[in-house]
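To start, the structure itself, in structure tokens.
Computed from a predicted structure; not experimentally measured.
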Amino acid sequence: MLVKATKEDIERYMDFTYTIALDQTRSGYPLFSDGVSTKEEFVEHAWKSYRNGDRDILLFVINGLVEGWIQYFYIEQDRYLQTDGFFINSNTEQALADFMEYVGANFAGYDLYLGFPKRNSEAISFLQKTGCRLIEESYHDVFVFDGSDIQPEDVGIVKVTESNFFEFEKIHRTDPDTYWNSERILSTLNEWIIYLLYREEIAVGYICARDGEIFSLGYHNNVFDKSVYKALVSVILRDLKAAGCGYMTFFNDEESQPSALELGFSCIGEYVLYVKSV
């Protein structure tokens, strides 16, 4: 069963849950087993879920024992719900079944998003069996800035502001499952780093980053271009290094993964994202 965690629960089970978070076969996203995230970040993330009104932590209890916890957050006006930490020591399928029941009772009408590493085969098997839709598969890559020398080509790179946002919208294509569409990005534009790359006065690509992570990268006519990819990613790497970031996370597909590795990213696993309408 699932029980809402108290302050005392979080303090008591923090170390236990952190050990689970270091194992991709027993955890979900966000990952803390990427070799760069720290225990301090894990602790901060847990307390954020406890203190914020749009987030919560649920202990998973089976046979009288706490076997980990599930964190989640929701956006009421968008009917959006997402796991924001899934750290279960054993009986993963039962934990997910209990969570689905909890969500159905408390968040009817929401779309539930669940992200897991591919190595968590028990979680993925359950999601497939219960009719969740797979909407994303990608490589989870990390770039560590220590000692790196990033000198991108600046020719044709233009930062996106409100005045030229319409140019970004022309090539920013999303599907209905993508939360961060152009409208939502514009409403929070001050939180984003967005660049366009122009060649012969045509915008041939864009990149969006936020909170030290690239969220989206696209191309003119939606056709991958290795040189555009490298130019835009290099500019974001330069900015984040200048801002004092220690590392950057990026999720790449089969097409872009070789270019990411050439730029100096390391792959720490594979990511899958499922959605279910509650």
Before we go on, tell me: are the rings of [X] and [Y] under 6.0 Å apart, centre to centre?
X    : Y    : value
F250 : H140 : no
Y219 : F224 : yes
F143 : Y247 : no

Which pairs pass side chain to side chain donor-acceptor pair (under 3.5 Å) with one or both residues in residues 13-22, sequence neighbours excluded?
->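 The answer is D15-K39.
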
Taking NZ, NE, NH1 and NH2 as the nitrogens, is one of them in [X] or [Y] under 4.0 Å from a carboxylate oxygen of the other?
X    : Y    : result
D111 : K276 : no
K48  : D84  : no
E262 : K226 : yes
R26  : D23  : yes

[X] versus [Y], closest heavy-atom pair with distance:
X    : Y    : value
N252 : A260 : ND2-CB, 3.5 Å
L189 : I194 : CD1-CD1, 3.8 Å
S27  : F116 : O-CD2, 3.6 Å

Taking the six-membered ring of Y179 (Phe, Tyr or Trp), confirm whether the NZ or CZ of R184 is under 6.0 Å from its centre and within 45° of its axis.
->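 Yes.
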
Only one of D56, I10, T6 passes side-chain contact (heavy atoms from CB on, under 4.5 Å) with Y50; say which it is.
->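 Going through D56, I10, T6 one by one, the side-chain contact (heavy atoms from CB on, under 4.5 Å) with Y50 is satisfied by I10 alone.
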
Applying side-chain contact (heavy atoms from CB on, under 4.5 Å) between Y80 and each of F107, Y74, F73, report the one that passes.
->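 Looking at F107, Y74, F73, the match for Y80 under the side-chain contact (heavy atoms from CB on, under 4.5 Å) is F73.
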
Heavy atoms, side chains only, cut-off 4.5 Å: are [X] and [Y] in contact?
X    : Y    : value
E67  : F87  : no
L114 : F86  : no
F60  : V66  : no
E93  : E122 : yes

So Y139 and S256, side chain to side chain donor-acceptor pair (under 3.5 Å) or not? Walk me through it.
-> CA-CA 10 Å; Y139 295 96; S256 62; over 6 Å; no

Test side chain to side chain contact (heavy atoms under 4.5 Å, CB included) on Y229 and L217 and set out the steps.
-> CA-CA 8 Å; Y229 174 94; L217 193 156; 4.0 Å; yes

Please check if Y102 and V278 belong to a single hydrophobic cluster, counting links between Ile, Leu, Val, Met, Phe, Trp and Tyr side chain heavy atoms closer than 4.5 Å.
->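 Yes; V278 is reachable from Y102 via cluster members.
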
Would L261 and I268 show up in the same hydrophobic cluster when neighbours are defined by side-chain heavy atoms closer than 4.5 Å?
->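 No; tracing contacts between hydrophobic side chains, which count when under 4.5 Å, never links both residues.
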
